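What follows is a short report on a single structure.
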There are 2 protein chains.
Amino acid sequence: MHITRYTDYSLRVLMYLALKDDELSTIREIADSYGISKNHLMKVVQELNNKGYLQAIRGKNGGLRLAGAAEAINIGALVRDTEQDFALVECFGEGDGCVITSACQLKRVLGEALESFFAVLDQYTLADILPGGKARVMTRLLNIG
Amino acid sequence: MHITRYTDYSLRVLMYLALKDDELSTIREIADSYGISKNHLMKVVQELNNKGYLQAIRGKNGGLRLAGAAEAINIGALVRDTEQDFALVECFGEGDGCVITSACQLKRVLGEALESFFAVLDQYTLADILPGGKARVMTRLLNIG
DNA sequence: CTATAAGATGTATTTATTATATATCTTATA
DNA sequence: TATAAGATATATAATAAATACATCTTATAG
């Protein structure tokens with residue numbers, strides 16, 4: 001049971017930008033800070049841009065910044081938005097071949113559990129995972145000026 | 001976000017055996033009923049046997065049956081037991097390379113969400129996902145005697 | 001007005017994980 | 001003692017995810 005790195009990186013980018021406040025950051029800078037693939041991060045950033053989580057400013061002296069306040073970005077919504085596939089077992093998706101699907105209650109039960117998972121995430125915003133006292137520590141860990 | 005087929009098949013095997021009551025079923029028969037890989041199912045069955053969920057009887061006229069009552073098999077416990085890896089994001093596992101792990105609260109939040117996921121599954125037993133009225137339908141779908 | 005630094009996009013490759021297949025061994029019973 | 005069942009180990013295939021590469025677009029500094 002995993003969440004893709006795609007979603008993980010989405011969260012990390014937004015955390016980074018939240019710590020930088022209004023200052024612009026480049027993709028290269030963020031990739032270097034975390035030591036992860038710049039190319040992969042580009043696609044993550046583009047999706048976050050398309051979905052309105054951040055602003056991407058092209059051209060020389062361009063860069064990225066959060067589109068709004070960290071308090072306005074809900075973790076549950078973000079994870080639902082970036083993670084693509086919540087088909088926990090075969091019968092959730094298309095092309096289900098399980099012969100008992102029509103009578104089996106497993107899907108309903110797992111669906112309920114998944115809702116409960118998100119209900120917890122829905123209680124937190126980006127600001128909550130960067131709590132006050134810890135923000136300074138994270139800023140240092142990322143070498144953000 | 002997925003649960004492996006390994007876990008899915010574990011659940012299906014136990015459902016099958018629950019529907020057959022005390023009668024023995026063979027791996028071949030279960031694999032054929034669901035139209036899935038017999039070889040893969042063998043490993044699933046062996047783990048279920050090792051963990052005490054079912055009894056495997058070797059030799060001619062052997063087969064499988066539930067070790068206890070369907071009411072005694074908790075879905076949450078079963079999923080925890082068969083699904084191997086709950087490292088939702090990188091920082092849950094070993095070899096975590098994320099530089100902000102020590103200050104970041106994401107792991108705690110995702111951990112809480114995962115607990116909530118299982119808290120729901122913990123409320124159900126194998127018997128609950130084969131409810132009375134539906135059991136007959138499932139028996140027909142599986143072509144069980 | 002042009003060189004450069006930034007993001008945007010599409011495709012290809014690599015890697016990791018999951019699923020399946022094959023082969024051989026063990027056990028029990030007719 | 002032949003056969004039908006599960007047990008075990010290894011190998012291969014399929015799928016999904018992550019990363020790399022190449023090229024295009026945009027904006028600003030000089």
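Below, chains carry the letters A, B, ... as their sequence lines are ordered, and counting in each starts from 1. Here the structure is a predicted model, which means the values were calculated and not measured.
Checked against dT20(C), dT19(D), dA28(C), the side chain of R58(B) finds its nearest nucleotide in dA28(C). Considering only the side chain of R5(A), dT19(D) comes nearest among dT19(D), dA8(C), dT27(C).
Between the CG atom of N61(B) and the P atom of dA4(D) there is a distance of 10 Å, rounded to whole Å. Rounded to an integer number of Å, the gap from E47(A) CD to dA17(D) P is 13 Å. Taking atom CZ on R28(A) and atom C1' on dT4(C), their separation rounds to 13 Å, with Å as the unit. At whole-Å resolution of the value, CG in L17(B) and P in dG6(D) are 11 Å apart. Between M42(B) atom CE and dA11(D) atom C1' the separation is 17 Å, expressed in whole Å. The separation between N50(B) atom CG and dA7(D) atom P is 8 Å, rounded to whole Å. Atom CG of D8(A) and atom P of dA18(D) are 9 Å apart (whole Å). Across the protein-nucleic acid pair, H40(A) atom NE2 and dT19(D) atom P stand 6 Å apart, rounded to whole Å.
Contact annotation for I27(A): backbone-only contact, meaning every heavy-atom pair under 4.0 Å involves sugar-phosphate atoms and none involves a base. Residue N39(A) is in base contact, counting any heavy-atom pair closer than 4.0 Å across all strands shown.
Mapping T4(A) and G59(A) onto DNA chain D by nearest heavy atom places T4(A) closer to the 5' end of the strand. Residues H2(A) and G63(A) each lie close to DNA chain C; by heavy-atom proximity, the contact nearer the 5' end of the strand is made by G63(A). Toward the 5' end of DNA chain D, the nearer of the two residues K60(A) and M1(B), judged by each one's closest nucleotide, is M1(B).
Side chain of E90(B) to main chain of R5(A): no donor-acceptor pair is present (N/O by atom type, distance under 3.5 Å, no hydrogens or angles).
With a cut-off of 3.5 Å on both pairing distances, the Watson-Crick or G-U wobble partner of dT29(C) is dA2(D).
For dA8(C), the OP1/OP2 oxygens have a side-chain nitrogen or oxygen of N49(A) closer than 4.0 Å. At the phosphate of dT18(C), neither OP1 nor OP2 sits under 4.0 Å from any side-chain N or O atom of Y9(B).
A ring-ring contact (aromatic ring centres under 6.0 Å, His included) with F86(A) is found for one member of F117(A), F92(A), F118(A) and no other, namely F118(A).
For R28(B), the CZ atom sits in a loose shell: 12 or fewer heavy atoms of surrounding residues, nucleotides or ligands are nearer than 6.0 Å. By the 6.0 Å contact criterion, CG on D22(A) is open, its count of non-hydrogen atoms from other residues, nucleotides or ligands being 12 or less.
With sequence neighbours excluded, the residues that form a salt bridge (Lys or Arg N to Asp or Glu O under 4.0 Å) with R108(A) are E112(A).
Remark: the K43(B) side chain and the dT10(D) base include a donor-acceptor N/O pair separated by less than 3.5 Å.
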